[in-house]
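Because the structure is predicted, anything quoted here is derived from the model rather than measured. Residue numbering restarts at 1 for every chain, and letters A, B, ... go by the order of the sequence lines. No hydrogens, no waters, no symmetry mates; every other heavy atom, side chains included, goes into these values.
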Amino acid sequence: MEKVVAHTDDLAPGEMMEAEFDGRPVVICRASDGDFHAFTNLCPHQGAPLSKGQLCGAPEPTDEIGTYNYKNEGNILRCPWHGREFNIKDSGRMLANERQKLREYKLSVEELSVADGNIILYK
Amino acid sequence: MGFIDTDIHERVSYEQLLPYLEQPWRRYITDCHWMQEKHMPYTQPAVAGVDRADAQLPDGRPAGSDLGFMQEQLLDSNGHEYGILTGALDPSPSSMHGWYEMATALASAYNDWQIEHWLEKDSRLYGSVHIAAQDPAAAVQEIERVGDHPKMVQILLPIDDILWGDPFYHPIFEAAEKHQLMIGMHHNEPPIYYGKWPRYFIEWHTLIPTAHMNQVTNMIFSGVFEKFPGLKLMMIEGGFTYVPFLMRKMDQQYTDLRHEVPWVKRMPSDTIRDHLCFTTQPLEELKKWELLQIIEQMGSDQIISFSTDYPHWDYDSPERALPPRLDEALKRKLFSENARQFYPKLRRGGKTDGKSSRSYG
């Protein structure tokens with residue numbers, strides 16, 4: 001199954017949008033490097049719509065107590081309710097518990113012009 | 001199955017209270033820029049501060065400030081039978097550390113605004129009486145003024161830096177009993193850390209139940225429930241998983257030290273089962289067997305009541321927060337029957353008991 005869910009010019013780096021694929025809600029994210037990623041739009045905790053959250057950064061783990069190294073701007077998907085963090089550049093892995101990941105969808109970009117293209121989800 | 005939500009936060013702006021305030025109180029807001037004192041050194045570090053990011057209104061108004069939006073996002077979509085409004089603790093008259101006259105005026109204004117804009121606009125919504133409890137005489141006057149409104153189900157007391165079991169505050173409980181109002185306690189800015197603040201928000205938020213434990217312990221050993229046998233206490237937004245520990249600790253202490261509090265006539269755990277109820281949110285992620293074990297250790301499945309805490313960031317989904325595949329009978333208790341049994345006015349469905357013919361607001 002394949003479906004065009006968005007166009008590349010719908011999203012700037014660091015932005016996301018909701019879409020629908022195979023009858024399920026998905027969130028299309030554009031990372032800071034311009035790449036696109038698609039995940040389930042339901043937080044695995046209590047089902048919050050992730051697309052209503054934020055693509056932001058997060059302080060990376062550190063051994064230095066009291067030190068904040070804010071990294072990954074535009075690549076951390078933060079849930080709109082409880083604030084759980086998922087790294088869209090690491091298969092949607094949860095920062096606080098790396099054993100949990102968002103369901104990720106396979107995606108390709110079909111170039112239509114220099115500025116625009118189809119974002120295609122498939123399974 | 002009906003769903004009774006025991007913690008919903010409606011929000012007022014100070015400007016909305018102005019029509020309900022007499023002078024000189026009104027001018028302290030319009031001219032002198034009064035704002036409630038705040039002490040927390042951090043923000044609530046979620047996407048949109050204290051609120052669910054998707055509960056903010058499209059026009060930029062804060063979450064919880066619009067009935068229509070709340071109806072759509074919460075009440076209609078979850079099939080609420082009833083919802084209990086608990087305010088947004090701003091203003092929180094009982095938390096003010098001075099100027100109790102202003103606090104009393106704010107409490108009255110809030111109650112009138114709440115009745116007019118929420119309780120009388122949606123049959124599902126019930127309310128909490130706001131008072132300035134630091135002045136018990138003035139608080140009793142306010143309870144007398146609005147307490148027999150058929151949709152006011154409880155008196156709201158903040159869990160802050162006053163322990164409310166002190167006999168100084170007992171006139172409030174006497175008035176509550178008279179009007180079939182329960183007491184709802186909800187933390188505001190509790191000094192859980194030796195009267196100050198822990199270094200990080202995550203510590204404060206983790207330890208909120210300890211502030212609830214302070215109040216439960218104080219209310220019971222102060223003999224409140226022996227003195228006011230019709231009074232019940234809803235502990236709001238501290239969860240319930242601490243209760244088995246507290247029951248055992250209090251029973252053991254009472255067994256040894258009863259002589260210090262001879263006005264306490266019953267085992268504390270029995271008093272808890274007969275007089276207290278605990279809202280669920282914020283739920284830890286529990287497996288079914290863990291939840292059932294906690295309920296078994298509480299010795300009752302009738303003292304827990306589901307709450308969402310809408311529209312706050314740590315909202316609990318009625319469909320997702322509890323473990324799956326619970327028995328229908330237990331779900332019915334958690335989601336509606338326990339709250340219905342707790343609040344006498346809910347059992348009457350918001351109808352008057354025939355004693356009152358006055359108007360409010």
Problem set entry | Structural part of B/Glu319 lying under 4.5 Å from a heavy atom of chain A |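 Neither part.
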For this session: Select one option (side chain, backbone, both, neither) describing which atoms of B/Ala48 are under 4.5 Å from chain A's heavy atoms.
Result: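 Answer is neither: B/Ala48 stays 4.5 Å or more from chain A.
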Exercise. With ring centroids as reference points, do B/His186 and B/His9 lie under 6.0 angstrom apart?
Worked result: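 Yes.
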Exercise. Side chain, backbone, both or neither: which part of A/Cys56 has a non-hydrogen atom closer than 4.5 Å to chain B?
Worked result: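 Neither part.
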Exercise. Would one find more than 12 heavy atoms of other residues, nucleotides or ligands at under 6.0 Å from atom NZ of A/Lys71?
Worked result: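 Open.
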For this session: Kindly assign one of parallel, tilted or perpendicular to the pair B/Tyr42 and B/Trp197, based on the angle between their ring planes and the thresholds 30° and 60°.
Result: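 Rings of B/Tyr42 and B/Trp197: perpendicular, as their planes differ by over 60°.
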Exercise. Does the B/Glu189 side chain pair with the main chain of B/His39, one donor and one acceptor, at a distance under 3.5 Å?
Worked result: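 Indeed, once roles are kept as given, a pair shorter than 3.5 Å links the two residues.
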